[in-house]
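Worksheet for the structure shown next.
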Amino acid sequence: MVRCMRADVIVVGGGPAGLLTAYEVASAGFEVVVLEEHKSIGRPSHCAGLVSVKGLRRLGIRVPSKVIINDKILCATFVSPSGYRFDIGRGETQAYVIDRELFDRYLADLAEKKGVTVLTEHKVTDVRTSNQGRIRVSFKSTRGVIEAEAKCVVIAEGVSCRLSRRLGFAVPRVRLPAVQHDIEGGDANIDTVELHFGRRVAPGFFAWVIPLKSDTVRVGVAAYNFPRKRLKKFLIRRFRGSRFKILRKMGGRVITSGPVRRCVRGGVIIVGDTAGHVKPTTGGGVILGGICARIAGRTVAGFLEKNATDPRVLLSYDATWRRVLGREFSAMKMVRFLLNALTDKILDNLFKNMEFFHVDALLERYGDMDFQREVILRGMTSVRVLALALRSLIP
Ligand SMILES: Cc1cc2nc3c(=O)[nH]c(=O)nc-3n(C[C@H](O)[C@H](O)[C@H](O)COP(=O)(O)OP(=O)(O)OC[C@H]3O[C@@H](n4cnc5c(N)ncnc54)[C@H](O)[C@@H]3O)c2cc1C
């Protein structure tokens, strides 16, 4: 059966980026349809769920308590290859661990309240421009293959980038394979997230331990290769002597190369992971991806308000996200490049001397989980950081 559906905007993908874009466009009074391939929004989850309290505030989202698994993340412990560590914390909650499935569903509810139609089990197979400048979308659902038409299409398909690549968009260059387990029994502080660095543990990224409840933690590794094998080794090393049970296994891909250059082509735009709107330092994409998605939504609404005749209006999306976050992404990319270049020996030296040179205090004072450029710039011009670097680099 072939039918044709019409909407002002079609969003491909019901993750946070797609749903926030849809929310913004519908808030301006336009007709939006979100097409999600899976049966249920938020499933399967492939996220650690760590988001900053400030970031959620910046996104304008007040999450209900049922979405929050752990609301007491006060501190982050950074661990070097040989076990030197330093802590960054401010004595008050810095981050939440959220249930991504419930979070995405909450965003879908918010969007639906604004009038967005969210259709699950609708897998988009093709997107193309028709003669009249409208965009045609083909998708498979339980009712067969259906055609739809819209003035603008937003691709929010996540890290897969299948459709965006076919449409000629660039794909984020580095998408590291990641594996993560929820385990019961491992010892960890309920208020502290651990990040373990080193080429042996996780070349190209790090391993993480995120406390969920008093007896449950989320442990994961992203790396250039063999994440499963590396996670197995990491679990044995980190939880040596404890009896733990794996409750749940997840996987996915973490983007560390920053945004792609162009996010607009004709009447099609890309958002979220598809656009590489992810922090290159930590792989977190919910907050910054969400901020860019809201910019995308406002741009699309502006385009529709001008009667959607000239898709060049959409180009202001690229200009705006770059003005707001471009330098943030660039600064974080530089840090990611440096971290990847450091040997385990240098990392050990840096972590060992961090407290002595009071660099941890600088990170604590100016650090921000999402907007990291300020602390990076301060670090680059700090005598203390220079002294730490010299001490760590010179054998
Ligand atoms: C192991 C791991 C841990 C992470 N931890 C964190 C973290 O702690 N904090 C953080 O901020 N970020 C984290 N991230 C990153 C975060 O998960 C992503 O940045 C975020 O989910 C991106 O949102 P999105 O909407 O762009 O994509 P997604 O959340 O991936 O959503 C894309 C949606 O599109 C749908 N879709 C795809 N193709 C089609 C199609 N053809 N038709 C219809 N639907 C389609 C998918 O089913 C999916 O629902 C982590 C990532 C990984 C892999």
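Just so you know, ligand 1 is whichever comes first in the structure, and atom 1 is the first atom listed for that ligand. Hydrogens, waters and symmetry mates are skipped; everything else that's a heavy atom, side chains included, is used.
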Numbered in order shown, the ligand 1 atoms found under 4.0 Å of a heavy atom of Gly272 are 26 (O)
For atom 41 (N) of ligand 1, which of Leu107, Val286, Val124 has the closest heavy atom?
Val124
Which protein non-hydrogen atom lies closest to atom 27 (O) of ligand 1, naming both residue and atom, and how far is it?
Gly158 CA, 3.5 Å
Those atoms of ligand 1 less than 4.0 Å from some heavy atom in Arg253:
53 (C)
Atom 14 (N) of ligand 1 - nearest protein heavy atom and its distance
Gly283 O, 3.6 Å
For Asp318, is there an ion pair with Arg323 - N to carboxylate O distance below 4.0 angstrom?
no
Can you confirm whether the side chains of Asn225 and Arg230 place a donor and an acceptor under 3.5 Å from each other?
yes
Identify which of Gly290, Pro44, Ser45, Ala48 has a heavy atom lying nearest to atom 3 (C) of ligand 1.
Ala48
Proximal ligand 1 atoms for Leu35, defined as those under 4.0 Å from one of its heavy atoms:
43 (C), 44 (N)
So between Gly13, Cys47, Ala156, whose heavy atom ends up nearest atom 32 (C) of ligand 1?
Ala156
Looking only at protein heavy atoms, what sits closest to atom 8 (O) of ligand 1 is Leu50 N, 2.9 Å
for atom 2 (C) of ligand 1, nearest protein heavy atom and its distance come out as His46 O, 3.2 Å
Taking the non-hydrogen atoms of Lys279, is any one of them nearer than 4.0 angstrom to ligand 1?
no
What residue and heavy atom of the protein are closest to atom 25 (O) of ligand 1, and at what distance?
Ala17 N, 3.0 Å
Which part of Arg100 is near ligand 1, with near meaning a heavy atom under 4.0 Å away: side chain, backbone, both or neither?
side chain
Asp310 and Lys306 ion-paired at < 4.0 Å:
no
Donor-acceptor pair, side chain of Arg336 and main chain of Thr281, under 3.5 angstrom
yes
How far is atom 49 (O) of ligand 1 from its nearest protein heavy atom, and which residue and atom name does that atom have?
Glu36 OE1, 2.6 Å
Sequence neighbours left out, cut at 3.5 Å: what donor-acceptor pairs do the side chains of residues 118-127 make with other protein atoms?
from   : atom 1 : to     : atom 2 : distance (Å)
Thr120 : OG1    : Lys39  : O      : 3.3
His122 : ND1    : Thr120 : O      : 2.6
Lys123 : NZ     : Glu37  : OE1    : 3.1
Thr125 : OG1    : Ser138 : O      : 3.2
Asp126 : OD2    : Arg128 : NH1    : 3.2

Any donor-acceptor N or O pair under 3.5 Å, side chains Ser52, Gln94:
no
Heteroatom proximity flag, Asp273 to ligand 1, N/O under 3.5 Å
yes
Residue, atom name and distance, where the atom is the protein heavy atom closest to atom 12 (N) of ligand 1:
Gly285 N, 3.1 Å
Under 4.0 Å to a heavy atom of His122 - the qualifying atoms of ligand 1, by number:
42 (N), 43 (C)
If the threshold is 4.0 Å, N to carboxylate O, is there a salt bridge linking Lys54 and Asp370?
no
Number the atoms of ligand 1 from 1 as they appear, then name those within less than 4.0 Å of a heavy atom of Gly252, with their elements.
53 (C)
Would one find an N or O of His38, backbone or side chain, under 3.5 Å from an N or O of ligand 1?
yes
Between Trp321 and His277, is the gap from one ring center to the other below 6.0 Å?
yes
Just wondering, are more than 12 heavy atoms of other shown residues or ligands nearer than 6.0 Å to CZ in Arg200?
no
Using atom types as modelled, flag every donor-acceptor pair under 3.5 Å from a side chain in residues 62-74 to any protein atom, sequence neighbours excluded.
from  : atom 1 : to     : atom 2 : distance (Å)
Asn70 : OD1    : Lys72  : N      : 2.8
Asn70 : ND2    : Ile190 : O      : 2.9
Asn70 : ND2    : Pro211 : O      : 3.0

Answer side chain, backbone, both or neither: which part of Val12 comes under 4.0 Å from ligand 1, heavy atoms only.
side chain
Using a 3.5 Å distance criterion without hydrogens, assess whether the side chain of Ser316 forms a donor-acceptor pair with backbone atoms of Ala319.
no
For Phe244, does the CZ atom have more than 12 heavy-atom neighbours from other residues, nucleotides or ligands under 6.0 Å away?
yes
Can a donor-acceptor pair be found, under 3.5 Å and without considering hydrogens, that links the side chain of Glu328 to the backbone of Arg373?
yes
Run the numbers for me: atoms of ligand 1, each under 4.0 Å from some heavy atom of Lys123, listed by number.
42 (N)
Mark up the atoms of ligand 1 that fall under 4.0 Å of a heavy atom belonging to Val254, in ascending order.
52 (C), 53 (C)
Report the part of Ala293 in contact with ligand 1, treating N, CA, C, O as backbone and CB onward as side chain, heavy atoms under 4.0 Å; options are side chain, backbone, both, neither.
neither
Indicate, as side chain, backbone, both or neither, the part of Met250 found under 4.0 angstrom from ligand 1 when only non-hydrogen atoms are considered.
neither
Which residue holds the protein heavy atom closest to atom 43 (C) of ligand 1, what is that atom called, and what is the gap in Å?
Glu37 N, 3.2 Å
Is the distance between the ring centroids of Phe351 and Phe86 less than 6.0 Å?
yes
Check: Arg218 side chain, Ala48 main-chain N or O, donor-acceptor pair, under 3.5 Å:
yes
Gly49 heavy atom under 4.0 Å from ligand 1:
yes
